[in-house]
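Note that ligands are numbered from 1 as they come in the structure, with each ligand's atoms numbered from 1 the same way.
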Amino acid sequence: MKRETLSLYFIMGSNNTSEDPLIVLEQAIMGGVTCFQYREKGSGALTGIEKEKLGRELMSVCRKYQVPFIVNDDVDLAIKLKADGVHTGQDDQPLEEVKKMIPSSMITGVSAKTLDEAREAEKQGADYIGVGPMFATKTKEDAEAPVGPSTIQQLRRQKITLPIVGIGGIEVGNAQQVIDAGADGISLISAISQAKDPEQAARLLRESISF
Ligand SMILES: Nc1nc(C(F)(F)F)ncc1COP(=O)(O)OP(=O)(O)O
Ligand SMILES: [Mg+2]
């Protein structure tokens with residue numbers, strides 16, 4: 001997977017916006033989003049056939065603009081939808097198990113916040129790691145304390161060369177710190193999903209970071 005794919009990595013589920021998620025996603029992509037993760041989770045999240053149906057519809061928006069469509073947590077759904085990839089966290093299925101279930105062409109992302117977790121992800125063949133929460137977040141209901149951009153700096157100092165995307169509380173005012181720390185991109189939910197104008201929000205975020 002090209003590192004540039006991680007530049008502006010938008011994550012959203014139906015419960016992250018009061019608007020039509022299909023419209024929000026299309027606007028975000030018009031504004032410069034480079035990768036999308038379907039994360040249908042937390043209070044009010046869809047389940048079962050409704051979750052699958054929205055996933056299919058969001059995936060077709062991504063396919064229209066050749067933006068990778070990644071599914072969070074739900075490996076079975078990623079396989080069923082023929083998604084471009086799957087993202088799993090430390091409390092989800094281990095990557096080596098996931099790898100046995102999915103086509104080798106699928107992108108695999110893993111959450112990591114320590115050197116051990118990052119090294120393990122590298123060893124198990126992850127295409128990228130998500131490191132965070134960078135800053136305080138209200139979106140992820142079970143988020144741990146912020147680790148800050150310095151965590152990415154430390155990982156780079158310890159020769160972690162995997163593509164890294166920072167996540168957690170990222171917005172225009174703090175995005176460059178994440179890139180300066182050595183991340184290949186920024187990922188976020190509410191800075192775009194809750195913006196009045198998601199296209200403009202995505203554009204401003206993309207313009208707020210230089211590599
Ligand atoms: N969903 C994520 N996406 C990324 C990405 F790198 F893609 F930006 N990084 C980290 C997470 C967090 O993943 P996880 O720790 O399993 O929590 P949850 O399943 O609640 O999101
Ligand atoms: Mg997860």
- [ ] Check whether any N, O or S atom of D91 sits under 2.8 Å from the Mg ion (ligand 2).
- [x] no
- [ ] If you have a sec, work out which protein heavy atom is nearest atom 17 (O) of ligand 1 and how many Å separate them, to one decimal?
- [x] K140 NZ, 2.8 Å
Task: Separation of Y38 OH from L77 CG (nearest 0.5 Å) - done: 7.0 Å
Open item on the list: Below 3.5 Å, N or O to N or O, backbone or side chain included: is there any such pair between I11 and ligand 1?
Closed with: no
- [ ] Report yes if some N/O of Q90 lies less than 3.5 Å from some N/O of ligand 1; otherwise report no.
- [x] no
Open item on the list: Is the distance between the ring centroids of Y128 and Y9 under 6.0 Å?
Closed with: yes
Task: Residue and atom name of the nearest protein heavy atom (relative to atom 5 (C) of ligand 1), distance in Å to one decimal - done: H87 CE1, 3.7 Å
TODO: Decide, yes or no, whether a salt bridge links D127 with K2 under the criterion of side-chain N to carboxylate O below 4.0 Å.
DONE: no
Task: Any N or O of T88 closer than 3.5 Å to N or O of ligand 1 - done: no
Open item on the list: Evaluate Y9 for polar contact with ligand 1, using N/O atom pairs at a separation under 3.5 Å.
Closed with: no
Open item on the list: Below the 3.5 angstrom mark, is there an N/O of Q37, backbone or side chain, next to an N/O of ligand 1?
Closed with: yes
Task: Options P133, S187, G166, S111, ranked by nearest heavy atom to atom 11 (C) of ligand 1, top entry - done: S111
Open item on the list: If I take atom CG from residue L8 and atom CD1 from residue I192, how far apart are they, to the nearest 0.5 angstrom?
Closed with: 4.5 Å
